[in-house]
Amino acid sequence: MKLLVTGGTGYIGSHTAVLLMQAGHEVVLWDNLSNSSARVVDRMAMILRERPLLVIGDVRDRAALDALFAHQGFDAVIHFAGLKAVGESVERPLLYYEHNVQGTLTLLQAMAAAGVRLFVFSSSATVYGDPASVPIREDFPRAATNPYGRSKIIVEDILADLITADPTWRIARLRYFNPVGAHESGLIGEDPRGTPSNLMPYICQVAVGRRPQLRVFGDDYETPDGTGVRDYIHVVDLAAGHVQALDYLVGKAGLLTVNLGTGRGYSVRDLIASFARAAGRPIPYVIEPRRPGDIATCYADAQAAQRLLGFRALRDLDRMCADAWRWQQQNPHGYDG
Ligand code: NAD
Ligand code: WQD
């Protein structure tokens with residue numbers, strides 16, 4: 001198929017584009033480079049021995065999208081483009097709704113006008129808010145606690161309305177848990193701008209000496225060791241889930257909603273210990289108060305993805321840390337370092 005990958009130079013988009021191309025699809029990347037580097041394309045070319053086309057553009061730009069669709073003739077769109085920092089979304093809600101909701105709406109309108117009706121959307125486990133129990137099933141109630149999460153719920157609802165109005169659409173709402181790790185080549189990985197807000201990139205920067213120590217946000221949760229528990233999933237497993245979701249939608253019209261996680265939870269201390277093994281050095285840390293808005297435990301019920309897509313995460317926590325470390329060591333200052 002010929003695919004448009006929005007947000008294609010970003011962390012998850014770049015890994016997914018590599019797997020899509022390796023599965024035989026033709027890929028065009030569309031990104032405004034607001035949170036990524038164009039150099040990722042050189043790295044993808046080194047992995048693939050083939051260079052994906054990058055078109056610099058914004059999903060809020062209808063005229064540019066119309067021109068792209070008229071020119072390219074896509075079969076489907078995989079939509080990663082958007083803003084994802086929870087704290088920033090609280091400070092700048094209008095910006096988040098503009099990129100994540102209006103941007104998606106504009107993209108869907110351009111698709112409808114061009115007659116492209118196969119869409120894969122990056123949703124998030126954040127739509128479950130603070131779940132009543134774990135593991136989290138897809139039919140659990142959704143309740144966002146911040147504008148970022150609400151933007152994902154709104155888009156999920158828009159997509160459901162779209163299918164109701166026109167059942168010929170084929171749409172996947174993929175709810176990612178905590179993506180971490182990097183491609184095994186060490187050529188592409190997560191390259192956050194500024195101070196990382198997520199755990200794994202922060203640990204990476206401590207291990208490589210860019211930051212003195214990790215701050216562990218709370219050790220008084222009701223979890224086995226007191227620190228927060230999450231479902232970390234290797235980004236290459238997550239990327240493979242997109243290839244499988246696309247295959248599923250080719251065979252079946254309608255709406256697919258699945259969690260992409262491993263079905264296992266690990267604590268902050270588990271991650272620190274696994275990373276220290278991978279890097280062969282201790283990760284210095286201090287215990288600090290809980291981070292506002294954090295929950296104790298979050299992990300997926302991964303059975304629907306297995307049943308519907310044949311999806312199973314193959315890479316364990318040690319592999320996630322080893323691959324994250326390889327990327328960090330080979331690129332201590334990211335793509336532009
Ligand atoms: P990322 O920031 O690395 O990638 C997003 C890409 O979109 C960036 O390259 C950025 O430049 C681009 N972009 C942003 N706004 C744009 C716009 N208006 N037009 C065109 N391009 C734009 O983030 P990621 O971690 O790869 O996340 C990809 C998607 O997955 C996002 O929608 C995010 O909300 C979702 N998601 C991420 C996580 C996570 O923990 N990383 C978890 C769940 C869901
Ligand atoms: C993981 C654990 C922290 C940083 C966020 C978004 C979510 C999704 C994924 C997009 C928690 C602890 C963290 C640090 C720490 N993104 N921690 N010190 O909060 O589960 O999810 O990213 O959809 O929407 O909310 O991920 O990596 O920030 O935190 O102790 O410096 O690590 O308290 O227990 P989170 P995270």
Side-chain angles (χ1 to χ4, degrees), residues 5-16 29-38 40 54-61 64-65 78-87 89 95-96 98-100 102-104 106-107 121-129 144-146 148-149 151-152 155 174-180 189-193 195-203 205-206 211 213-219 221 223 227-233 235 238-239 242 260-261 265-272 285-299:
V5 178
T6 76
T9 49
Y11 173 47
I12 305 171
S14 57
H15 287 83
T16 304
L29 311 175
W30 174 264
D31 203 298
N32 68 4
L33 301 178
S34 61
N35 198 39
S36 54
S37 165
V40 72
L54 166 63
V55 182
I56 297 172
D58 198 296
V59 290
R60 296 165 299 168
D61 185 345
L65 285 171
I78 324 286
H79 179 42
F80 296 98
L83 305 180
K84 63 164 183 176
V86 171
S89 82
L95 186 75
Y96 271 67
E98 184 185 323
H99 283 265
N100 293 3
Q102 194 176 311
T104 305
T106 304
L107 176 61
F121 175 62
S122 302
S123 190
S124 167
T126 200
V127 301
Y128 298 114
T145 52
N146 54 69
Y148 168 71
S151 77
K152 293 293 179 188
V155 172
L174 305 180
R175 295 179 178 155
Y176 313 155
F177 279 65
N178 288 57
V180 297
E190 186 169 16
D191 181 18
R193 296 194 168 162
T195 308
S197 50
N198 294 116
L199 179 62
M200 182 68 103
Y202 205 105
I203 292 182
Q205 293 193 4
V206 171
R211 300 186 189 275
Q213 61 191 12
L214 173 72
R215 297 177 303 153
V216 174
F217 298 137
D219 68 348
Y221 285 105
T223 60
T227 65
V229 167
R230 298 291 184 272
D231 188 338
Y232 298 97
I233 175 169
V235 66
L238 186 71
H242 291 72
L260 290 180
Y266 288 99
S267 73
V268 176
R269 285 190 206 275
D270 290 333
L271 212 76
I272 294 171
Y285 66 89
V286 285
I287 306 293
E288 294 218 349
R290 294 180 179 192
R291 185 171 63 178
D294 271 357
I295 59 177
T297 304
C298 172
Y299 57 89

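Start at 1 with the first residue, then count along the sequence. Ligands are counted one by one from 1 in listed order, and the atoms in each one are counted from 1 as well.
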Taking 4.0 angstrom as the limit and counting only heavy atoms of V86, give me the atoms of ligand 2 inside it, by number and element. 6 (C), 25 (O)
Contacting atoms of ligand 2, where contact means under 4.0 angstrom from a heavy atom of S197: 4 (C), 28 (O)
Less than 4.5 Å apart, side chain to side chain, heavy atoms only: is that true for R230 and D294? yes
So does L238 get a backbone contact from the side chain of H242, meaning a donor-acceptor N/O pair under 3.5 Å? yes
From the list L54, D58, V59, side-chain contact (heavy atoms from CB on, under 4.5 Å) partner of W30 resolves to V59
Protein contact to atom 18 (N) of ligand 2 [nearest heavy atom, distance to 0.1 Å]: R215 O, 2.7 Å
For T126, the ligand 2 atoms whose distance to one of its heavy atoms is below 4.0 Å: 24 (O)
If we set the cut-off at 4.0 Å for heavy atoms, which region of Y232 has an atom near ligand 2: side chain, backbone, both, or neither? side chain
Which of the ligand 1 atoms, numbered from 1, are nearer than 4.0 Å to a heavy atom of S34: 10 (C), 11 (O), 13 (N), 14 (C), 15 (N)
Shortest non-hydrogen contact between I56 and N32, atoms and distance: CG2-CA, 4.5 Å
Nitrogen or oxygen atoms of S124 and ligand 1 under 3.5 Å apart: no
Of the protein's non-hydrogen atoms, which lies at the shortest distance from atom 26 (O) of ligand 2, and what is that distance? N178 ND2, 3.2 Å
Parallel, tilted or perpendicular: ring planes of Y176 versus F80, cut at 30 and 60 degrees: tilted
For atom 2 (O) of ligand 1, what's the nearest protein heavy-atom neighbour? Residue, atom name and distance, please. N35 ND2, 2.7 Å
Would you tell me whether R269 and Y285 have side-chain atoms, one donor and one acceptor, within less than 3.5 Å of each other? yes
Where do V40 and S14 come nearest, in terms of heavy atoms and distance? CG2-CB, 3.8 Å
Should you measure from each heavy atom of V216, which atoms of ligand 2 turn up under 4.0 Å away? 30 (O)
What I'd like to find out is whether the side chain of L199 reaches to under 4.5 Å of the side chain of Y232, using heavy atoms alone. yes
Where is the nearest protein heavy atom to atom 24 (P) of ligand 1: which residue, which atom, and how far? K84 NZ, 3.7 Å
Atom indices of ligand 1, in the order listed, that fall short of 4.0 Å to a heavy atom of L33: 11 (O)
Identify, for atom 4 (O) of ligand 1, the protein heavy atom at the shortest distance, and state residue, atom and that distance. G10 CA, 3.5 Å
Work out whether the distance between some heavy atom of Y148 and some atom of ligand 2 is less than 4.0 Å. yes
Of the non-hydrogen atoms in N100 and S151, which two are nearest, and what is the gap between them? ND2-OG, 3.1 Å
Identify, for atom 13 (N) of ligand 1, the protein heavy atom at the shortest distance, and state residue, atom and that distance. N32 OD1, 3.4 Å
Closest contact, heavy atoms only, V127 versus G149: CG1-O, 4.3 Å
What residue and heavy atom of the protein are closest to atom 12 (C) of ligand 2, and at what distance? V268 CG2, 3.7 Å
Atom 3 (C) of ligand 2 - nearest protein heavy atom and its distance: D294 OD2, 3.4 Å
With heavy atoms under 4.0 Å as the rule, classify the contact between R291 and ligand 2 as side chain, backbone, both or neither. side chain
Among G57, A64, G7, whose heavy atom sits nearest atom 20 (C) of ligand 1? G57
So which of V155, L107, I12 gets nearest to atom 37 (C) of ligand 1, if we judge by its closest heavy atom? I12
Distance filter under 4.0 Å to S36 heavy atoms, resulting ligand 1 atoms: 8 (C), 9 (O), 11 (O)
Check: L83 and Y148 side chains under 4.5 Å, non-hydrogen atoms: no
Does S123, backbone or side chain, put an N or O under 3.5 Å from an N or O of ligand 1? no
Identify the protein heavy atom lying closest to atom 17 (N) of ligand 2, giving its residue, its atom name and the separation to 0.1 Å. F217 CD1, 3.7 Å
Any atom of ligand 1 sitting under 4.0 Å from a heavy atom of K152? yes
How far is atom 29 (C) of ligand 1 from its nearest protein heavy atom, and which residue and atom is that? F80 O, 3.2 Å
Measure V229 to ligand 2 on non-hydrogen atoms and call it side chain, backbone, both or neither using the 4.0 Å cut-off. neither
Show me which atoms of ligand 2 lie under 4.0 Å from any heavy atom of G228. 34 (O)
N/O donor-acceptor pair under 3.5 Å between Y11 side chain and V180 backbone: yes
I need the nearest protein heavy-atom contact for atom 15 (N) of ligand 1: residue, atom name and distance, please. H99 ND1, 3.6 Å
Contact between P179 and H15 at the side-chain level, heavy atoms closer than 4.5 Å - yes or no? no
Measure the distances from the heavy atoms of Y148 to every atom of ligand 1 and state whether one is below 4.0 angstrom. yes
If you take the nearest heavy atom of each of N198, I12, V180, which one is closest to atom 5 (C) of ligand 2? N198
For S122, counting its heavy atoms only, list the atoms of ligand 1 lying under 4.0 Å from any of them. 29 (C), 30 (O), 32 (O), 35 (C)
Give me the residue, atom name and distance of the protein heavy atom closest to atom 20 (O) of ligand 2. R230 NE, 2.5 Å
Roughly how far, to the nearest 0.5 Å, is OG of S89 from NZ of K152? 11.0 Å
Tell me which protein heavy atom sits closest to atom 8 (C) of ligand 1, plus the residue, atom name and distance to 0.1 Å. D31 OD2, 3.5 Å
Got the closest protein heavy atom to atom 27 (O) of ligand 2, with its distance? L199 N, 2.8 Å
Hey, which atoms in ligand 1 end up nearer than 4.0 Å to a heavy atom of D58? 17 (C), 18 (N), 19 (N), 20 (C)
Output yes when the distance from some N or O of ligand 1 to some N or O of A81 is under 3.5 Å, and no in every other case. no
Numbered atoms and elements of ligand 2 in range of S124, under 4.0 angstrom, heavy atoms: 10 (C), 23 (O), 24 (O)
Should V59 be counted as touching ligand 1, given the test is an N or O pair under 3.5 Å? yes
For S36, is there any backbone N or O sitting under 3.5 Å from a side-chain donor or acceptor partner on R193? yes
With a 4.5 Å heavy-atom cut-off, do V5 and D31 have their side chains touching? no
T6 to ligand 1, any heavy atom closer than 4.0 Å: no
How many angstroms lie between OG in S124 and CG in N178, if you round to the nearest 0.5 Å? 8.0 Å
Rounded to the nearest 0.5 angstrom, the CD1-CZ distance for I287 and F217 is 11.0 Å
Test of proximity, F177 against ligand 2: N or O pairs below 3.5 Å: no
Please list the nearest protein heavy atom to atom 40 (O) of ligand 1 with its residue and the distance rounded to 0.1 Å. P179 CD, 3.3 Å
